[in-house]
Amino acid sequence: NCDDLRFIAKSKNHHKIVPAPRLNSPVSPRLLDQVLEIAGLDSGQLPAASRNQARLSFFDWMVCGLGGLNEPVSRNVLAFVRAEHAPGPCAVFGGGRASALAAALANGTISHALDYDDTHFDHVGHLSVGIYPAVLAVGQELNASIDDLVDAFLVGAESAIRIGLALGAAHYARGFHQTATAGAFGATVAVSRLLGLSHQQRVAALGLCATRASGLKSQFGTMGKPLNAGFSASNGVECAKLAALGMTSADDGLEGAQGFLETHSDAPSNALDVDRFLFDRIRYKLHACCHGTHAMIEAILATQKQHHIQSKDLKQMRVSVNPRWLRVCDIKQPRTGLEVKFSYAWLAGMAMNGISTADPETYTDTLCSNELLRSFAGKVVVEGSDSTSDTEARIALELVSGSKVSNQHDLMSDIDDSLLARRLFDKASAVIGDRAQPLWDLLFEGGNQPASTLNDLLQPPVASVRP
């Protein structure tokens, strides 16, 4: 119950980077043991740098949720929740209240509607949209503090990363969407922490999640992709609450016989040799499209700025990326604005022609019939390169003049903390306007405030949601 939650005071040093705690693994013989160990860390044991990063993710997640309200998928999921679920104590983006389960489903879907949220490339998925909706919903039921929500999210996210690593690249390559698979385990861990579940109840919750977690990459470019994030969050709420009521499950739904790893990956990896928090490696979207395209966009923009190259100067552009992205964001002929977000060729044309890739409102269906972009796409050759990392892109430009220019960008390159905060705040200001400042102030200065204080900020400005 609420009395079991660990309330923590806001630290004046929450921006300070301190060494992350070493976990007992690789002594722990099972992935389940490692996840349970992470889930049981006291607030004081959580790395200060990771907690600050988790707070940034909270801010960015709410920005994405508010910005996604006008998307058709958001209207659809809100209509479903209002028709199928009775009102409850949990706030939903756009107004109204719902049960924790329904709020998690709606808020997860809405916040991923723009595909503008954070990505963790070790986990190969979006952590915030699959975990924070569950945390916020249950946190509001329990009257937990904002700091409690951040801590619950952090242990859930770190657990999802470890499970994602264990599933390995084969899981993603096989067609599973780890935002919804590994992410659902993260949501389960996070909610279990808020509910104060016992060790055995947490084991049961994770076992239930093993039979519930699902999500396929075949949904990319459709409304099914953001819905996967909603499923991740709602599955976390459901599994943790069922375990709290006494529901039992397999002793080890992760690595046990016919468990999740055995059935969902052709080549599971060993994640137990990781003894430090990996959450800090999360990266934020500064362009409103698939994160696999961002390194290319940054390389193009930097090249244009340095060499003053215009679209008309280009004869051919070769783009080299890690082969795994070719099945994700290399749609050759996008048919919708959503599919443009997964098209290297179209996005390259947008970057070269000064069409904003950062403004979510840019991605309309009319882009697909834009003759300038269609013509430019014919100059773009995208190829997979095993020597290129998941977070890197290389471009080679052959100009009409005969000159050749090349560049490279890696999303994992270090970025100054203050610059990152500024860019995220600028992104927020572009997406939600003057609501960015009060949201920032509350999350970074009001950590001891109850989760209910966020309710007003979940509401859209008057007349902002189209009928």
Side-chain angles (χ1 to χ4, degrees), residues 71-72 113-116 217-223 225 285-385 388 390-411 427 430:
E71 295 300 303
L114 295 179
D115 213 332
Y116 210 178
K217 291 192 317 186
S218 61
Q219 300 294 339
F220 285 14
T222 77
M223 292 184 188
K225 184 175 190 286
K285 286 190 173 185
L286 301 172
H287 305 278
C289 49
C290 179
H291 220 154
T293 67
H294 287 207
M296 176 197 72
I297 294 171
E298 292 288 342
I300 291 172
L301 295 176
T303 302
Q304 275 192 309
K305 183 177 181 179
Q306 182 178 354
H307 297 282
H308 308 289
I309 298 172
Q310 299 181 30
S311 178
K312 62 181 179 62
D313 301 325
L314 185 70
K315 181 178 180 180
Q316 185 183 74
M317 176 188 296
R318 302 190 76 86
V319 179
S320 297
V321 297
N322 186 276
R324 79 164 53 180
W325 292 117
L326 297 181
R327 297 184 65 183
V328 179
C329 40
D330 191 27
I331 296 177
K332 301 297 186 184
Q333 296 288 335
R335 298 161 297 175
T336 65
L338 269 176
E339 289 192 346
V340 170
K341 296 181 178 186
F342 298 88
S343 174
Y344 280 116
W346 246 252
L347 292 164
M350 291 169 65
M352 284 293 296
N353 287 283
I355 301 174
S356 175
T357 55
D359 184 356
E361 298 294 328
T362 300
Y363 296 88
T364 64
D365 293 351
T366 58
L367 284 178
C368 304
S369 57
N370 185 305
E371 287 303 322
L372 178 65
L373 296 180
R374 187 182 300 277
S375 175
F376 188 93
K379 302 178 181 180
V380 180
V381 178
V382 182
E383 55 194 8
S385 170
T388 304
D390 289 348
T391 58
E392 180 186 14
R394 301 171 186 171
I395 61 172
L397 279 59
E398 181 181 352
L399 305 183
V400 174
S401 66
S403 300
K404 295 183 178 181
V405 178
S406 61
N407 203 353
Q408 173 269 353
H409 185 83
D410 193 333
L411 297 177
K427 165 185 169 179

query = Between Asn407 and Thr303, is any side-chain donor less than 3.5 angstrom from a side-chain acceptor?
reply = yes
Is the side chain of [X] donor-acceptor paired with the backbone N or O of [Y] at a distance under 3.5 Å, no angle test?
{"X": "Arg374", "Y": "Cys368", "value": "yes"}
{"X": "Trp346", "Y": "Leu373", "value": "no"}
{"X": "Ser375", "Y": "Leu372", "value": "no"}
{"X": "Gln408", "Y": "Ile395", "value": "no"}
{"X": "Tyr344", "Y": "Val321", "value": "no"}

message: Would you say that Lys225 contacts Phe342 through its side chain, given a criterion of any heavy-atom pair below 4.5 Å between the two side chains?
response: yes
- Do Cys289 and Ile297 have side-chain heavy atoms sitting under 4.5 Å apart? yes
Worked check of side-chain contact (heavy atoms from CB on, under 4.5 Å) between Ser343 and Asp330:
CA-CA 5 Å; Ser343 174; Asp330 191 27; over 6 Å; no
By side chain to side chain contact (heavy atoms under 4.5 Å, CB included), Glu339 pairs with (sequence neighbours left out) Ile331, Pro334, Arg335, Thr336
side-chain hydrogen bond (donor to acceptor under 3.5 Å, both in side chains) with His287: of Thr357, Thr362, Asp115, only one passes, and it is Thr357
**Message:** Against the six-membered ring of Tyr116, is Lys285 placed for a cation-pi contact (under 6.0 Å from the centre, within 45° of the normal)?
**Reply:** no
Would you mind writing out the side-chain donor-acceptor pairs for residues 306-319 within the sub-3.5 Å range, not counting sequence neighbours?
| residue | atom | partner | partner atom | Å |
| --- | --- | --- | --- | --- |
| Ser311 | OG | Asn353 | OD1 | 3.2 |
| Asp313 | OD2 | Gln310 | N | 2.9 |
| Arg318 | NH2 | Glu383 | OE1 | 3.0 |

